[in-house]
Amino acid sequence: MSVNFREYKIGARMFGLALGGSMLITLLLPSFDIAASVSTDVALDKQLSAGWDSGWQLGDPLLKGHNKPVKVLVKNDPLTGVALAQAETVYVYPAGTSLPNGVTHSDNLGAGVKDLSLEKGKIKDAKKESGAVFLINHGAFNGNNLPYVENATATKGWTPDAVMAKADDANVSHVGSGKTMFVREGCWWCHTLLPEQTQDWQAFGTPPMLGDFNGESPTAFGSDRKAPDLLHVGSRNSSKEWMMLHFFNPRLVQPHSIMPRFDYLWGEVDANGKKIDFDKWRAEYNEYHEGKRVAAPEVPMYAKDSEIRGLIDFVLSLK
Amino acid sequence: MSWIFEKPLVTLSDTKKIESDKVLWEAEDLGGITEDNNRVPVPIVWLVALTVLTAFAITFPLWGQRPTAAIYAEYVQAMDKPEIKAIQSDVAAIERIVAMSQGSQYNAQLERHPVTMDDLRILKPQIEELTKKGVDLKDYTVVGAQVVLANFEGNFRADGSRERQQPWWDKGYTIDIFYLSYFFIFVVLIIKRLPPSTWQPRHGGEHK
Amino acid sequence: MLKYLFAKNEDIPAGSSAIYFGFSSIVWFVIGTGLGSFNAAKLAFPDAFVGGGEFFSFGHMRQVHVHAVIFGWISMAFAMAMMYITPVLGNTKLWSEKLGVWNCTLWNVGLSLGLTVLWAGMTSGREYSDFPWFIDLYLAVAVFIPLAVNVWMTILTRRTQGIYTTNWFFAAATFMVIIVFIVGNLPEFFHLTGLTEAYLTWWFAHNVLGLWITPVAAAIAYYTIPKVTGNPLYSHRIGHLHFWSVVVFYSTPAAHHLMSSPLPEWLKSFASVEGVLILVPAIAFVSNILLTMQGKWNMFVENLEVRFTVTGCLLAIPLNMQGGFQQTRAINWYVHGTGWIVAHAHLALLGFSTFLEGAAVYLGLQTLMKRKLYSLTLGNVHFWMLLIGFSIYWISMTIAGLIQGAGKIYEVPYIDVVIAEHPYMIARWLGGTMVFISNIVWLYNMWMTAREGTVVPAGRMPHEMAYER
């Protein structure tokens with residue numbers, strides 16, 4: 001045990017210096033740039049509609065799409081029933097739902113957006129226990145027009161229950177639980193959410209800006225593109241029917257697609273509560289595929305509380 | 001631990017340290033493995049130097065940019081010329097515009113990103129609007145029918161705004177130069193503390 | 001093995017934990033490549049194997065394949081090499097065989113649990129750090145910290161004054177992987193969001209490869225080649241250049257994975273220059289190993305371990321040429337997000353790294369069990385099927401990637417790219433399946449070595465004896 005460590009003391013210190021220096025440059029320095037980013041409208045919409053987190057979380061350990069807000073188009077004032085001059089998109093967090101990152105950690109919103117959200121938006125009045133309704137508003141800060149989060153429960157008295165009681169189901173969009181499905185089903189293994197600023201397919205649309213991600217988790221950019229980018233897919237294709245066929249069996253609408261079938265997201269029953277006979281459907285599809293049937297079997301309409309509803313809502317929300 | 005700087009390229013250690021290092025080097029059995037004291041071969045030194053130069057050269061934004069608004073600015077101006085307005089056919093008009101812009105610094109990019117008259121009609125008001133604002137058109141890229149701000153978070157301009165372009169130099173490159181220098185200085189110091197490479201340990205003895 | 005969990009440390013035969021890790025790693029390799037082959041089949045034939053459930057869906061299985069090979073096969077083969085090589089180089093015994101046996105057991109349990117939850121879709125949604133944070137914590141606390149303790153304590157209680165290069169790498173890498181695990185998963189522990197989350201995801205992904213897989217794989221070659229050939233390592237000096245450049249350069253280029261995201265450009269400039277400089281450790285490593293081979297090149301043909309190691313070492317050349325240059329601004333835009341990168345990742349993990357640690361597992365298991373390899377023929381079958389299968393995979397995915405890159409520039413409708421890639425998807429499946437089958441052969445060969453391999457007499461090394469079958 002009479003070991004001479006002299007030289008390795010120097011080596012160990014140099015090692016610490018090398019690794020520490022590397023982490024200083026690659027972690028500490030960029031953190032100032034990233035922390036300085038200011039949320040855009042896109043970022044606020046994404047974080048309010050996806051909620052706290054879309055990966056594994058204690059509030060939704062099996063990633064069933066729980067602990068999520070819904071996005072509702074409000075046409076009449078939920079309190080008075082009077083028609084609004086302009087329909088408002090609100091994000092309803094029922095009681096017990098984790099609040100979004102910008103509300104719990106308002107620094108994430110960035111300078112200006114944070115100040116407006118705290119002062120005008122009253123976001124600190126929102127409580128997880130009682131739930132809240134948020135919307136995106138705009139205001140002036142140091143001469144700039146900035147978006148901010150408004151806690152409509154505090155500013156207008158719109159409670160989650162009141163909004164949901166008046167909401168027509170057609171105007172309710174389950175974007176939040178859909179993002180969970182997007183993560184859980186691994187859509188991002190093939191579909192990126194990042195049109196590149198260097199040359200890329202123009203059809204994929206505009207690359208995202210620095211402030212477009214604040215409060216989003218996970219960002220699910222994806223890295224291994226085996227299929228089109230989806231960041232703006234809702235602008236290219238807004239047909240719910242097409243999405244439905246495509247998810248049930250992509251080969252129904254795109255014969256050369258290599259995308260897996262997501263028919264299992266329909267669950268047990270269809271919109272009418274009738275049990276879906278998947279085996280029969282597949283057998284008939286195979287006959288159709290082999291040319292023994294003229295038409296492909298009908299794709300069942302999904303139930304209101306099915307997982308596919310959220311996923312389709314999410315994909316269509318990607319404008 | 002004393003340092004000797006008489007022949008820095010041979011060794012930086014004094015005779016006493018070198019001798020004790022030599023004894024240890026030859027005597028020690030590291031699980032039956034031995035090491036030689038060969039110098040870093042000259043071709044390897046050159047290869048490393050070449051790597052450093054290449055690293056900077058190829059990190060510059062040479063290719064792969066989306067078309068910027070700047071490359072179409074001349075086209076847009078040409079559209080208002082009476083000569084072009086007089087041409088009835090769109091195909092002939094765009095051919096004439098392209099011919100007029102020969103010699104533009106953006107020739108290569110224009111060739112890669114050709115447009116039709118219809119495209120230009122959509123881009124024209126957007127590009128004119130930006131020109132009026134006096135912004136740098138190179139900060140804007142043409143995505144489909146839209147002219148949008150690029151997301152490159154580049155260098156800061158004097159007025160505090162960002163250049164929306166991939167930079168040819170920025171503080172990242174500057175940090176690199178310092179970082180590299182520290183590395184090579186330290187590694188050379190470490191290596192030169194060893195006995196000179198003219199000396200090779202004699203292995204054998206009790207080794208199997 | 002399990003009986004040693006509650007035995008006294010002194011009663012556990014030396015090498016037990018290494019053997020345990022060795023066989024575990026091969027089993028995980030079979031499982032991991034089997035999943036890979038299945039996944040590739042899903043891409044080639046999307047309407048085959050439709051079970052109607054989420055458990056056979058590509059999106060649920062891809063990450064299971066990736067994590068089985070990285071944390072099962074590669075990392076456990078590393079642990080095997082450490083349990084065996086670290087004490088040898090210090091002329092001592094492993095600090096604690098008992099800790100090693102527990103380490104391997106907890107590793108197998110934790111990984112099985114982790115892969116099960118991933119399979120069920122319980123993911124953090126972050127590439128390479130897909131495990132939910134409770135699994136990440138488990139891996140840090142029950143897997144990597146005990147491993148580091150055992151390696152560090154073995155080095156500290158060595159009976160030599162110096163520390164051989166391999167052990168520098170082992171000591172540094174076991175420390176760095178813990179840092180990488182803890183810092184890289186901060187977004188999950190503390191719910192960091194947005195671009196911070198995206199950047200740290202790639203900081204983790206880059207560094208788990210750069211500060212764990214690459215240096216440990218290279219360190220193994222620093223042991224295998226001098227040991228088996230009997231040559232001295234060519235240059236201690238190049239060893240210094242290699243070690244320090246790994247720590248300094250390989251730890252910095254994380255941002256080059258996000259060259260087209262709106263990260264600050266200065267960070268991309270810095271990361272990208274550093275990214276090319278990963279060629280410095282690569283040049284040092286390859287030159288040192290190949291120069292050590294001087295006068296013993298016949299063993300490249302005759303000896304299985306040397307052949308594996310030198311092949312891995314040669315594969316490091318295209319690997320680092322790709323890795324260094326594909327991330328730069330001038331090139332990244334063309335290949336980013338295409339099959340090219342998939343091919344590159346397999347060149348790193350299935351080419352370079354697998355061949356190096358394959359040699360260590362072959363050599364270590366024979367040495368520790370004191371049994372000569374059961375069959376050279378099966379060893380050769382394993383080697384060639386692995387190499388050819390990998391090559392088919394790599395070439396087909398590289399071509400597919402170039403097709404995608406060209407499609408991007410010429411604005412080809414995406415579905416046409418999918419159609420053009422289809423033959424290469426089939427080729428990838430064939431190559432991957434060859435790799436899978438070769439590993440079954442390997443497992444059988446190692447199993448038979450344990451049972452029926454010729455006993456190596458005391459004082460002799462397995463590579464000194466002739467192959468018998």
Side-chain angles (χ1 to χ4, degrees), chain A residues 1 3-4 8 15 18-19 22 25-27 30 33-34 37 53-56 61-63 101 108 183-187 189 192 194 196-202 207-210 213-221 223-228 251 254 256-261 263-264 278 282, chain C residues 42-43 46-47 50 52-54 57-60 62-63 120-127 132 157-158 161 163 172 176 187 191 193-199 203 244 247-248 251-252 254-255 257 260-264 267 270-271 332-333 336-338 341-342 408-409 411 414-415 418-419 425:
Chain A
M1 285 294 284
V3 175
N4 182 351
Y8 291 98
F15 172 73
L19 191 63
S22 152
I25 298 173
T26 59
L27 293 178
D33 295 71
I34 297 177
S37 67
D53 200 297
S54 304
W56 191 86
L62 295 173
L63 275 80
N101 302 283
N108 280 347
V183 170
R184 185 188 81 187
E185 295 303 323
C187 306
W189 289 124
T192 50
L194 185 69
E196 306 190 348
Q197 183 58 63
T198 46
Q199 191 159 349
D200 203 349
W201 269 276
Q202 298 266 322
M209 303 300 284
L210 176 63
F213 309 107
N214 291 26
E216 191 181 9
S217 173
T219 40
F221 286 156
S223 68
D224 173 8
R225 199 191 262 169
K226 296 185 274 292
R251 262 75 53 199
Q254 179 45 268
H256 297 288
S257 169
I258 59 168
M259 183 168 128
R261 303 178 189 186
D263 47 7
Y264 55 83
F278 288 103
R282 288 187 193 117
Chain C
K42 304 273 313 177
L43 292 176
D47 264 337
V50 177
E54 63 200 55
S57 169
F58 179 85
H60 281 254
R62 182 199 191 270
Q63 60 271 46
M122 294 159 67
T123 168
S124 66
R126 306 170 61 226
E127 189 167 1
T157 56
R158 70 192 185 277
Q161 179 173 328
I163 303 176
M176 290 190 291
H191 201 254
T193 56
L195 214 49
T196 313
E197 180 267 327
Y199 179 53
W203 190 86
W244 291 107
V247 179
V248 170
S251 61
T252 46
H257 295 266
S260 239
S261 74
L263 279 178
L267 183 63
F270 174 76
N332 183 263
W333 64 279
H336 184 253
T338 69
I341 306 296
V342 182
K408 183 182 331 190
I409 312 231
E411 300 274 340
Y414 204 94
I415 192 64
V418 174
I419 295 168
M425 291 290 165

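All chains are named by letter (A, B, ...) in the order of the sequence lines, taking the proteins before the strands, and each is independently numbered beginning at 1.
- Two residues are said to be in side-chain contact when any heavy atoms from C-beta on lie closer than 4.5 Å; Tyr199(C) and Thr219(A) fail this criterion.
- When Thr338(C), Val248(C), Leu43(C), Leu263(C) are compared by the number of non-hydrogen pairs under 4.5 Å with chain A, Leu43(C) comes out ahead.
- Of the residues considered (Arg126(C), His60(C), His191(C), Met122(C)), His191(C) shows the highest number of contacts with chain A, using heavy-atom pairs under 4.5 Å.
- Residue Ala255(C) does not touch chain A at all, counting heavy-atom pairs closer than 4.5 Å.
- Both the backbone and the side chain of Asp53(A) come within less than 4.5 Å of a heavy atom of chain C.
- Partners of Arg62(C) by salt bridge (Lys or Arg N to Asp or Glu O under 4.0 Å), not counting sequence neighbours, listed by chain and number: Asp224(A), Glu127(C).
- Across every non-hydrogen atom of Thr26(A) and Phe270(C), the tightest pair is CG2-CE2, 3.9 Å.
- Contact between Pro218(A) and Gly125(C) at its shortest, heavy atoms only, is CB-O, 3.5 Å.
- With a 4.5 Å cut-off on side-chain heavy atoms, Phe213(A) and Thr196(C) do not count as touching.
- Distance CD1/Ile341(C) to CZ/Arg225(A): 12.0 Å, rounded to 0.5 Å.
- The shortest heavy-atom contact between Glu196(A) and Ser260(C) is CB-OG, 3.0 Å.
- Proximity to chain A involves both the backbone and the side chain of Ala198(C), based on heavy atoms less than 4.5 angstrom apart.
- Using a 4.5 Å cut-off between heavy atoms, Pro207(A) makes no contact with chain C at all.
- For the set Asn214(A), Leu62(A), Asn101(A), the entry with the most heavy-atom pairs within less than 4.5 Å of chain C is Asn101(A).
- Smallest separation of non-hydrogen atoms from Gln161(C) and Tyr8(A): O-CE1, 4.0 Å.
- Looking at Ile258(A), the atoms closer than 4.5 Å to chain C (heavy atoms on both sides) sit in the backbone and in the side chain alike.
- In this structure, OG1 on Thr252(C) lies 10.5 Å from CG on Leu19(A), to the nearest 0.5 angstrom.
- Side-chain rings of Trp189(A) and Phe58(C) stay apart, their centers remaining 6.0 Å or farther from each other.
- Between Asp33(A) and Leu267(C), the closest side-chain pair of non-hydrogen atoms is not below 4.5 Å.
- For the set Val418(C), Asn332(C), Ile419(C), Ile415(C), the entry with the most heavy-atom pairs within less than 4.5 Å of chain A is Ile415(C).
- At a 4.5 Å heavy-atom cutoff, the contact between Gln254(A) and chain C is made by side-chain atoms alone.
- With a 4.5 angstrom heavy-atom cutoff, Thr192(A) does not touch chain C via any of its atoms.
- Taking the side chain as every heavy atom from C-beta outward, Lys408(C) and Asp200(A) approach each other to under 4.5 Å.
- Closest of all the heavy-atom pairs between Thr193(C) and Ser217(A) is CG2-CB, 3.7 Å.
- Rounding to the nearest 0.5 angstrom, the gap separating the CD atom in Gln199(A) from the CD atom in Glu411(C) is 7.0 Å.
- Using a 4.5 Å heavy-atom cutoff, the side chains of Phe15(A) and Met176(C) are in contact.
- Between Leu210(A) and Leu195(C), some side-chain heavy-atom pair lies under the 4.5 Å cut-off.
- Per-residue heavy-atom pair counts under 4.5 Å with chain C were compared for Ala18(A), Ser37(A), Gly215(A), Gly186(A), and the maximum is reached by Gly215(A).
- Using a 4.5 Å cut-off between heavy atoms, His257(C) does not touch chain A at all.
- Annotation: side chain of Leu194(A) is in contact with side chain of Ser261(C) (closest heavy-atom distance under 4.5 Å).
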